[in-house]
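All ligand and atom numbering here is 1-based and tracks the order in the structure.
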Amino acid sequence: MDLIRRPRRLRANEAIRSMVRENHVHVKDLIYPMFVMPGQNMRVEVSSMPGVYQYSLDEFVRALQEVVDLGVPAILLFGIPESKDPVGTGAYHDDGIVQKAVRLAKEKFPQLYVITDVCLCEYTDHGHCGLVHEGKILNDPSLELLARTAVSHAQAGADMVAPSDMMDGRVAAIRRALDREGFEDIPVMAYSAKFASGFYGPFREAAGSAPQFGDRRTYQMDPPNGNEAMLETALDVEEGADLIIVKPALSYGDIIYRTKERFGLPVAAYNVSGEYAMIKAAAKQGWIDEQRIVMEALVGMKRAGADLIITYFALDVARWLRL
Ligand code: PBG
């Protein structure tokens with residue numbers, strides 16, 4: 001009698017391996033983050049994120065054609081405003097850069113699902129995600145501006161809003177404001193488990209949103225804390241979040257897992273800028289196989305429990321999956 005259990009039987013060749021494969025990355029899981037800015041004919045590559053660009057609106061439309069052609073269903077929009085001020089006016093202005101981009105995107109590609117990042121840090125001259133007074137980031141006064149931002153995105157035609165500021169009570173404030181303005185059908189995807197991470201470095205170059213003093217540790221979570229992430233998520237769920245973001249993704253697989261197990265809501269893993277930059281840099285050196293490592297990283301997020309993946313690799317992945 002053979003006493004050896006032989007799991008290798010199901011690894012014998014690609015046919016059987018693919019039949020018993022437990023998790024997959026589909027193009028329909030992907031959300032592509034994009035950066036829009038004023039100007040014309042501009043497509044500026046972010047130096048720490050090769051292949052990622054800041055687009056003027058005309059170039060943005062051109063890029064969207066590619067997103068749509070590749071079958072990527074959704075984008076997540078970030079804006080780089082003409083000018084910044086202490087109260088982040090550009091975030092909630094009717095003619096702000098994101099509002100314009102949303103209108104254009106929905107006009108040209110009505111079937112594309114447009115999600116907007118709701119935050120103040122790209123629009124404030126101090127670079128913080130809320131209002132600042134005497135060096136402190138104010139919570140409650142920021143809520144009204146965040147809610148206004150979300151409403152202005154919905155008015156422009158956004159399909160979904162994603163608050164990333166980490167102020168307490170923002171999901172409730174945004175939900176209430178959306179409902180009051182007749183946008184009760186617009187879902188809120190909350191960055192519930194958002195950590196104060198070093199992995200956001202390249203994004204701050206892309207969005208021009210680095211804090212001008214201090215850091216974000218008084219509002220974003222401390223990386224060692226898993227139970228606190230469950231608390232933040234429970235609060236957002238109570239306040240009406242429809243989907244949950246865990247961010248970053250690669251070092252936070254346990255948070256993705258726990259969030260999915262505990263709340264059962266759709267979970268999006270945000271494969272952030274620093275995670276992208278690391279893979280790009282190593283691949284450029286010829287030290288790793290980019291495609292293989294990206295697919296392994298992303299399927300790891302799915303295995304941990306993510307339903308959706310927000311990733312700067314979305315277009316590459318769509319191309320690879322097509323082959
Ligand atoms: C804005 C925001 C950030 C990211 C998404 N929304 C930066 C930050 O919190 O400093 C990071 C995304 C990335 O690194 O890819 N609050």
Can you find a side-chain donor-acceptor pair between Ser209 and Glu122 that sits under 3.5 Å?
-> no
Can you name the residues that form a side-chain hydrogen bond (donor to acceptor under 3.5 Å, both in side chains) with Arg8, not counting sequence neighbours?
-> none
Part of Cys121 within contact of ligand 1 (heavy atoms, under 4.0 Å) | side chain
Above 12 or not: heavy atoms from other molecules or residues under 6.0 Å from CZ of Arg303?
-> no
Numbered in order shown, the ligand 1 atoms found under 4.0 Å of a heavy atom of Tyr270 are 12 (C), 15 (O)
Show which atoms of ligand 1 fall inside a sub-4.0 Å distance from at least one heavy-atom site of Ser164.
-> 1 (C), 2 (C), 6 (N), 16 (N)
Nearest heavy atom to atom 6 (N) of ligand 1 wins, so pick from Arg204, Gln220, Lys247, Met49.
-> Lys247
Compute the minimum heavy-atom distance from Tyr276 to ligand 1 and say whether it is under 4.0 Å.
-> no
Sequence-distant partners of Ala304, side-chain contact (heavy atoms from CB on, under 4.5 Å), two or more places apart = Ile256
Considering only the protein, which heavy-atom contact is closest to atom 12 (C) of ligand 1, and what is its distance?
-> Phe203 CD1, 3.3 Å
Which residue and non-hydrogen atom of the protein lie closest to atom 14 (O) of ligand 1, and at what distance in Å?
-> Ser273 OG, 2.7 Å
So, does Ser56 use its side chain to make a donor-acceptor pair with the main chain of Asn41 at under 3.5 Å?
-> yes
May I ask you to identify, for Cys119, whether its side chain, its backbone, both or neither come under 4.0 Å of ligand 1 on a heavy-atom basis?
-> side chain
Just which atoms of ligand 1 are under 4.0 Å from any heavy atom in Phe78?
-> 5 (C), 6 (N)
Do Tyr53 and Phe35 have ring centroids that are under 6.0 Å from one another?
-> no
Numbering as shown, the atoms of ligand 1 that approach Tyr312 to under 4.0 Å (heavy-atom distance) | 12 (C), 13 (C), 15 (O)
Would you kindly say whether Gln220 and Ser197 are connected by a side-chain donor-acceptor distance under 3.5 Å?
-> no
Taking atom 16 (N) of ligand 1 as the point of reference, which of His128, Lys194, Glu122, Met166 owns the nearest heavy atom?
-> Lys194
Work out whether the distance between some heavy atom of Asp117 and some atom of ligand 1 is less than 4.0 Å.
-> yes
Is a side-chain donor-acceptor pair under 3.5 Å present for Tyr191 with Asp117?
-> yes
Is the side chain of Gln99 donor-acceptor paired with the backbone N or O of Ala91 at a distance under 3.5 Å, no angle test?
-> yes
Looking at ligand 1, does any of its N/O atoms fall within less than 3.5 Å of an N/O of Ser209?
-> no
